[in-house]
Amino acid sequence: MSSTPFDLPPQYDPREVESRLYQRWLAADAFTVRADSPKPPYVIVIPPPNVTAILHVGHGLNDVIQDVLVRFERMRGRGAEWLPGTDHAGIATQNVVEKLVAAEGTTRFDLGRERFVERVWAFVRETGGVILEQLKIIGCSCDWSRTVFTLDPAYSQAVREAFVRLWEEKRIYRGHRVIHWCPHCLTSLSDEEAEFADETGKLYHIRYRVDGGPQPFLTVATTRPETMLGDTAIAVHPDDPRHAGFIGKTAHIPITDIAIPIIADEAVDPKFGTGFVKVTPAHDANDFEIGTRHKLPMPLVMTPEGRMGEDGGRGTGEGGRVPAPLQGLDRFEARDRIVKQLKDEGLLDKVEPHPHAVRHCYRCDTVVEPRLSDQWFVAMKDLARPALAAYQDGRVKFVPDRWGATYEHWMENIRDWNISRQLWWGHRIPVFTCGKCGHVWAARQDPAACPKCGDRKLTQDPDVLDTWFSSWLWPFAAFGWPERTPDLARFYPGHTLVTAPEILFFWVARMIMAGIHFMERPPFATVYLHGTVRDTQHRKMSKSLGNGIDPLDVVRLYGADALRWTLIAGSSLGADVVLDPNDLETTFAPGRNFANKLWNIGRFVLAQLPGEVPPLERIDRHTLTLADRWILSRLEATVRDATGSFEQFRLDEGAKRCFDFVWKDLADWYVEAVKPRLATPERGGAPSGAAGARWAAAEEGAPTRSAAQAVLCYCFDAALRLLHPVVPFITEELWQKLPGRKPDELLTLAAWPSFNPDLVDAELEMQFQRVQQVVEGIRSIRAEYRIPPKSRLRASITARGRDNRVIFEAESETIRRLAQLEELAFDGAAKRVGAHAIFGDGSEVFVALEGAIDVQQECTRLSTERTRLDQQLERLTAKLSNENFVARAPADVVAREREKEREWRFQRDALDGKLKSLGCS
RNA sequence: GGGCGAAUAGCUCAGCUGGUUCAGAGCGCCUGCCUUACACGCAGGAAGUCGGGGGUUCGAAUCCCUCUUCGCCCACCA
């Protein structure tokens, strides 16, 4: 009954609702799919967050997008499997625990490998589930029964299997070369892990003494003077005429005076610097190439920690290269020392500012040191080729498509992958060496004895694998590979991968390669690359900048749905999302307000509906009013559009489409229009025709109450379904309260509305639009003449044509109510003093305003309107009289313009007539 | 040094295949309203030469060129 007091509070409180509903979803196993489910699968594997991570808003965006897709497909009847998990994140996690250990006054070296790793495990066991719990708070519908950690025993076996297979295929090899070394993390890094940052460094011009050359000195330019100690040659371009006389002579390193040859090599760019290049093969990748070509010695002059010193272990140095006073100095301190000494000795020609890109460790941001060492590499070219083809033949698509070009470029220029990390936390490299015969092999199980000579003195490679070497197996290893599990058969390959473009190469490209290599098929069909969350200055949100937003704060203050709404509505396809960390209210209130709007529509609807509402198809179509049929048409159009948007990953568009339907169409118009019918108890008998009596709709509409209830219930139910993927909590909460709900029914598992094209009626929408225009016209007049809302107006409509008249009469109650009219008449209104509005179809509305206006005022208003119309008409007429337009534009465009012209002329003529009849000049 | 993206209302952004969704939304602003679902709301407004310039076209916010300003990615110039 409409008079029943509302038993729901007028403001929605998400805190009371969200965790309760999440528990209910879990209890119903709503997010789990059995491998033998008959439903066609839809699979997303989560980009596993670092096991030490706590949720930030970047995760929030990534995971909410996935959740919307998964919930959408689940409602569409797919067996939606969203596999969650965490990544052991070798360097990052080891760093975190090393800091903890340091706080306890000890180091990992004090503890030793075994105890340190156990310490990390303890930490992970204690805190590793935090981020997954946080995902629940924001509503993520992951299948928690299949949660995977990349160091789980089964997963570790998969990593080992992958390694051994690649070993057996001879794709893994020992490389002796210059790699990126992090002196802080004390490990090598892949090319991708050593990130460029633009900096203004200095270019030092240093003089080297030359024996028997054309000049007594030559000058080299370097940004890293400290590497000078490791120089083993000076190189010039073979065709550089300036320096030809130097080739074959001997130069001397300043300070140490060590003699080095001057050689010719094409790698030297004669146009850069002085044309002389110092060659430090052990500390520069290019120099290493030169050194190899010329068989130069390759002494290391830095320790792994980045301090000056001999490191006989791996280099091929002859020793005695680092003078005693410099030994043990940090590389940057040594640089200053050396520069000062050079200056003192007059060997520093000049120092120039020099902008260049310096590589930093992606985990600790330390400047990376190029360093000669032995590492395990994977040969990538053969793996990349089919992965590139998978993109080119369309088996893998990128959204937005432009990322495909980036992917292509990287794949075509792929380099071998350094997978060794000098860490303790991770998958130990399963390579063994026999102490007796020296045999080296990779093994799936830890061997007891050498397979060659049977000796039992074996050593395992001390290093662990790059974390990404386990991540690239995620889409199949997480489902049990290499075992042929039912899960693997069912859920591989998956469908959509959602991630940020930053890890396109780290992870996405490698997953495609691994998927094709180990599983014969790409792991997913579509890669959706979303944007980055930034602040209003377009800076990436980060802990160090202090510009982050804690998603859990947002949940606390505004609710999870509000967080989700802002993230989804704010991110158009592939574009960055800008949020203001200093103004959470502006950023998140719209989402909260929308949830509250839904809540209140729900309060109203629920108060109007009886315990049983007949399904729409049992309602006699003849009892449906224009407004009923209009809202149903709008709903179906929304279903069609929102479905299409979601299918194309245009989540913001789909979300906003539903928002508009709910707020603009359903709440602002339909609910308001339908109130009188809901309030009028039904009498027996069928309604008679609408045309006729002035208050036809009010009186004869009475029997349509049940139709109104059915339509209202149907539309609201559908709206909740449409919005559920984006705002799952509020929609589930309200849906539970709708009439006829069985106790175990969940919106989360309910069906997505199917599109019913029969209910879409463009003509009908136009008709209702005329009603809306009349209402808005009257409201405008009221505002313009400052008529207080309480003073009830009398208005009269003169419809142009019988069809329009029928429409206006049928919806006269709607018009009367929404325009706050005391009385609405049709035609024949006395031409008293009042205001007029004239519509595109030539229909006219008159609002009686004795005392409120004078004729002069109304004349001014109407002639302003006519001037505006005249100008528009003039432009349109010019367009239509342009022969080129008429001849070349498509016929339907021309026809539409003609129709527009016709309408405007009606309107203009009607205005003219009105001005004349009022006696305006 | 290459490649990509962005510039639209005061702010944050939509605008996809050129033309009745073409100049939009949310927030903010102005004017009225506590109209019995909602003031986290309702109604009515103001506000932009779509970064500059050129071109293609009957027609350009939309396509092309160019310039400016900001991002991002890739690259061994010491």
Side-chain angles (χ1 to χ4, degrees), chain A residues 2-3 5-6 8 10-12 178 196 203 220-224 227 235 267-269 271-274 276-280 284-289 354 356-357 370 400 402-403 405-406 409-410 413 501-502 504-505 532 534 536 538-540 558 562 569-580 583 585-587 589-608 648 650 652-653 656 659-660 667-668 671-672 675 776 779-784 786-790 817-818 820 879 882-890 892-894 896-897 899-900:
Chain A
S2 58
S3 56
F6 297 97
L8 299 173
Q11 284 197 354
Y12 171 60
V178 171
F196 284 107
L203 194 58
V220 303
T222 179
T223 53
R224 295 186 296 150
T227 63
V268 179
D269 178 359
K271 290 189 289 295
F272 184 86
T274 61
F276 289 108
V277 175
K278 59 190 277 306
V279 180
T280 321
D284 185 286
N286 296 317
D287 294 2
F288 175 77
E289 301 294 323
H354 181 65
H356 61 150
R402 65 186 135 87
W403 289 104
T406 310
H409 182 255
W410 191 73
N413 297 286
E502 289 111 82
L504 186 58
F505 305 136
T532 307
R534 299 181 182 280
T536 49
H538 290 256
R539 299 176 308 177
K540 197 169 164 175
Y558 301 93
S571 63
S572 64
L573 194 73
D576 287 345
V577 183
V578 177
L579 305 176
D580 189 348
D583 190 353
E585 182 68 16
T586 295
T587 308
R592 176 203 58 193
N593 295 352
F594 179 46
N596 198 53
K597 186 72 181 181
L598 275 172
W599 178 252
N600 276 290
I601 297 169
R603 283 177 77 214
F604 175 79
V605 169
L606 292 170
Q608 303 303 322
Q648 293 168 67
R650 298 181 173 275
D652 63 318
E653 197 180 72
K656 285 174 189 159
F659 174 98
D660 283 341
D668 288 351
V671 164
E672 294 303 330
K675 275 176 178 173
E776 285 166 344
R779 284 170 174 171
S780 267
I781 287 170
R782 182 191 286 278
E784 203 163 335
R786 309 215 173 279
I787 311 300
K790 285 201 183 67
R817 194 188 139 73
L818 297 188
Q820 305 257 66
K879 191 179 197 176
N882 179 339
E883 284 171 33
N884 276 324
F885 172 73
V886 178
R888 300 201 193 190
D892 61 312
V893 171
V894 177
R896 251 179 283 144
E897 297 290 307
E899 174 60 21
K900 191 158 71 175

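In what follows, every chain begins at residue 1, and chains take the letters A, B, ... in the order their sequences are listed. Keep in mind that what you see is a predicted model, and the values were worked out from it rather than measured.
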Give every pair of a protein N or O atom and an N or O atom of nucleotides 20-26 of chain B that lie under 3.5 Å apart, one pair per line with the distance.
unit_1	atom_1	unit_2	atom_2	d
B:G26	OP1	A:K664	NZ	3.3

Check the interface with nucleotides 59-63 of chain B: list each N/O to N/O pair with the protein under 3.5 Å, or write none.
none

Is any N or O donor-acceptor pair between the side chain of A:Q11 and the base of B:A37 shorter than 3.5 Å?
-> no
How would you list, by chain and number, every residue that makes a side chain to side chain donor-acceptor pair (under 3.5 Å) with A:D576, sequence neighbours excluded?
-> A:R534
Taking only residues two or more places apart in sequence or in another chain, which ones pass salt bridge (Lys or Arg N to Asp or Glu O under 4.0 Å) with A:R592?
-> A:E585
Not counting sequence neighbours, which residues clear side chain to side chain contact (heavy atoms under 4.5 Å, CB included) with A:E784? List them please.
-> A:R861
Could you go through nucleotides 28-34 of chain B and list every protein N or O atom that sits under 3.5 Å from one of its N or O atoms, giving the distance for each pair?
unit_1	atom_1	unit_2	atom_2	d
B:U31	O2'	A:R786	NH1	3.1
B:C34	OP1	A:K790	NZ	3.0

Considering residues at least two apart in sequence or located in another chain, which fulfil the side chain to side chain contact (heavy atoms under 4.5 Å, CB included) criterion with A:R896?
-> A:D892, A:V893
Listed partners of A:D583 passing side chain to side chain donor-acceptor pair (under 3.5 Å), at least two apart | A:T586
Do A:K675 and A:F604 meet the cation-pi criteria used here (NZ or CZ under 6.0 Å from the six-membered ring centre, within 45° of the axis)?
-> yes
Residue list, salt bridge (Lys or Arg N to Asp or Glu O under 4.0 Å) with A:D652, at least two apart or on another chain = none
Which residues share a salt bridge (Lys or Arg N to Asp or Glu O under 4.0 Å) with A:R224, sequence neighbours left out | A:D284, A:E369
Please list, chain by chain and in numerical order, all residues satisfying salt bridge (Lys or Arg N to Asp or Glu O under 4.0 Å) with A:E289, sequence neighbours excluded.
-> none
Under a 3.5 Å cut-off on both pairing distances, which runs of 3 or more consecutive Watson-Crick or G-U pairs involve RNA chain B?
-> B:1-7 with B:68-74, B:10-13 with B:24-27, B:29-33 with B:41-45, B:51-55 with B:63-67
Taking CG from A:L573 and C1' from B:A6, how many angstroms apart are they, rounded to a whole number?
-> 15 Å
